[in-house]
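First the structure, in the form of structure tokens, and then the observations on it.
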Amino acid sequence: MRSNLPIPALTCSDLPKDTPEVELHLGIFPKLELSPGDARVLSKMIYVSSYTDQFGEPALRAWEAADGALVHLAYSDGNQFWLDRAGRTIWAVWSERSSLENATSYLLGPVLGLVLRLRGIICLHASAVAFGESSVAFVGPAGAGKSTTAAAFAKLGRGVVSDDIVGLVEREGVFHVLPAYPHLCLWPESVNMLYGSPDALPQPIHDWEKRQLALGENGTSFERHPLPLRAIYILGERRQNAAPLVSAISEREVLLSLVANTYATNLIDRTLRGTEFEVLSRLISGVPVRMIQASGDPDRIGDLCRLIKSDFEAQNGKALLSRFES
């Protein structure tokens with residue numbers, strides 16, 4: 001990426017600057033060459049978030065702008081982004097009550113997640129960790145425990161590949177998880193569960209409730225290269241006063257669950273949705289997918305990790321045997 005301003009949490013690259021994959025214009029409105037009252041500036045609202053802020057306003061609204069050439073994202077806290085349909089250029093502005101630091105939290109998460117989707121890369125609402133030379137993804141909606149599960153494995157020495165948004169690329173018939181950033185973002189209750197205090201990890205943004213676990217410190221590690229995806233665990237409802245449970249799930253349920261947890265589905269066009277369905281169908285034909293239900297008892301997080309490890313080994317052993325027999 002090439003940016004007109006330094007981006008918090010990212011370091012400058014020594015690679016040539018004349019051919020960036022993505023061009024960033026921070027603190028700059030796009031030049032739409034239209035008058036502010038022109039109906040084509042906000043031609044069509046395409047999404048309104050069901051999540052609301054403290055004032056009851058939708059957390060996110062999205063429009064097609066400039067006759068559909070741009071996607072305009074407007075967050076309720078004043079952060080705004082415009083992306084071209086090729087996923088190559090981003091403009092960002094923020095209000096006086098926000099900051100570049102705050103805007104970066106959107107940029108490095110949902111905005112670049114949408115850029116990947118516009119560029120044809122399927123992204124799951126998931127976190128992924130390394131199991132040897134392979135990766136395992138934990139899929140689920142907000143609050144399902146994706147980052148918490150990844151952080152629990154990180155404490156056990158497993159490398160983390162990606163947090164919250166998992167981009168997938170297909171190489172010679174095998175799906176690989178793209179590495180993201182060397183940190184995990186956790187809610188205070190998850191930090192308390194794993195580290196004994198909600199304040200055990202720092203806040204990356206002063207007015208943001210989440211804490212950040214830096215990978216590469218205190219026995220944790222970050223995987224910097226794509227790894228083949230060998231298993232997916234869909235996070236179901238927690239089992240109160242019971243041990244964690246893993247179970248089989250029908251192919252139809254798997255497809256419905258993955259479609260529901262594919263990132264930015266509401267913001268892509270019909271062509272990309274069709275491609276998404278085809279890719280997910282190929283994905284589930286070659287990667288074992290299981291339902292995992294964590295215990296409602298936070299002290300049993302270790303049991304969850306052991307169960308996933310055991311099931312992963314069993315499922316991949318079956319897959320290897322099946323390929324050998326065929």
Side-chain angles (χ1 to χ4, degrees), residues 50-51 123-132 134-166 177 184-198 200-201 209-211 213 220 229-263 265 280 283-284 287-319:
S50 59
Y51 294 100
C123 298
L124 299 176
H125 272 299
S127 294
V129 299
F131 274 46
S134 302
S135 62
V136 174
F138 308 112
V139 176
K146 304 181 293 294
S147 299
T148 303
T149 305
F153 275 109
K155 281 195 68 179
L156 296 174
R158 301 275 180 184
V160 175
V161 189
S162 185
D163 178 34
D164 194 47
I165 300 175
V166 166
V177 174
L184 283 165
C185 293
L186 301 167
W187 291 108
E189 52 266 32
S190 296
V191 178
N192 185 58
M193 178 198 307
L194 295 168
Y195 292 95
S197 168
L201 297 177
E209 192 177 356
K210 281 192 173 183
R211 280 26 177 199
L213 172 62
T220 63
L229 179 61
R230 299 300 186 192
I232 296 173
Y233 290 92
I234 297 173
L235 301 178
E237 293 185 5
R238 292 178 177 83
R239 288 161 49 85
Q240 299 302 321
N241 303 315
L245 177 69
V246 63
S247 58
I249 180 173
S250 72
E251 189 169 303
R252 179 177 180 275
E253 290 176 302
V254 168
L255 187 57
L256 290 175
S257 294
L258 292 185
V259 168
N261 288 290
T262 302
Y263 187 73
T265 297
L280 292 178
L283 174 66
I284 64 177
V287 178
V289 183
R290 307 273 278 167
M291 174 69 73
I292 192 83
Q293 293 175 273
S295 173
D297 181 356
D299 292 334
R300 304 190 82 155
I301 187 69
D303 294 339
L304 176 67
C305 293
R306 285 187 287 272
L307 177 61
I308 291 172
K309 178 179 180 294
S310 175
D311 187 73
F312 171 82
E313 292 171 348
Q315 292 302 313
N316 276 269
K318 291 177 183 178

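What you see below is based on every heavy atom in this structure, not just the backbone, and it leaves out hydrogens, waters and symmetry mates.
- To the nearest 0.5 Å, atom OG1 of residue T149 and atom CD1 of residue I292 are 8.5 Å apart.
- Checked options S190, C185, S127; the residue passing with S147 is S127 (criterion: side chain to side chain contact (heavy atoms under 4.5 Å, CB included)).
- N316 approaches A231 most closely through the heavy-atom pair ND2-CB, 4.3 Å.
- Note that CG of D164 is 11.5 Å distant from CG of L124, once rounded to the nearest 0.5 Å.
- Separation of atoms CG (D163) and CG (L213) is listed at 9.5 Å; rounding is to 0.5 Å.
- Interatomic distance, I301 CD1 to T148 OG1, rounded to the nearest 0.5 Å: 7.0 Å.
- Across V139 and A126, no two heavy atoms sit closer than the pair CG2-CB, 3.8 Å.
- A donor-acceptor contact shorter than 3.5 Å is absent between the side chain of K146 and the backbone of A128.
- Summarising the geometry, atom CZ belonging to R158 is positioned 4.5 Å from atom CZ belonging to F131; distances are rounded to the nearest 0.5 Å.
- At distances below 3.5 Å, at least one donor-acceptor pair connects side-chain atoms of R211 with backbone N or O atoms of P198.
- Judged by the 6.0 Å distance and 45° axis criteria, K309 is not positioned over the aromatic ring of F153.
- By the neighbour-count criterion of 12 heavy atoms within 6.0 Å, atom CD of E189 is densely surrounded, having more than that number from other residues, nucleotides or ligands.
- Considering every non-hydrogen atom in both L194 and K155, the closest pair reads O-NZ, 2.7 Å.
- Side-chain N or O atoms of R239 include none that pairs as donor or acceptor with a backbone N or O of E237 at under 3.5 Å.
- I232 is not listed as a side-chain neighbour of V254, based on a closest heavy-atom distance of 4.5 Å or more.
- At least one side-chain heavy atom of L255 sits under 4.5 Å from a side-chain heavy atom of L280.
- A side-chain donor-acceptor contact under 3.5 Å links Y233 to the backbone of F312.
- T262 places a side-chain N or O within donor-acceptor distance of the main-chain N or O of L258, the cut-off being under 3.5 Å.
- The minimum heavy-atom distance linking R300 with S295 is given by the pair CD-OG, 3.4 Å.
- A pairwise comparison of heavy atoms in C305 and L156 identifies CB-CD1, 3.8 Å as the closest pair.
- Panel note: side chain N261, backbone S257; a donor-acceptor pair is recorded below 3.5 Å.
- The two residues S135 and V161 have their closest heavy-atom pair at CB-CG2, 4.4 Å.
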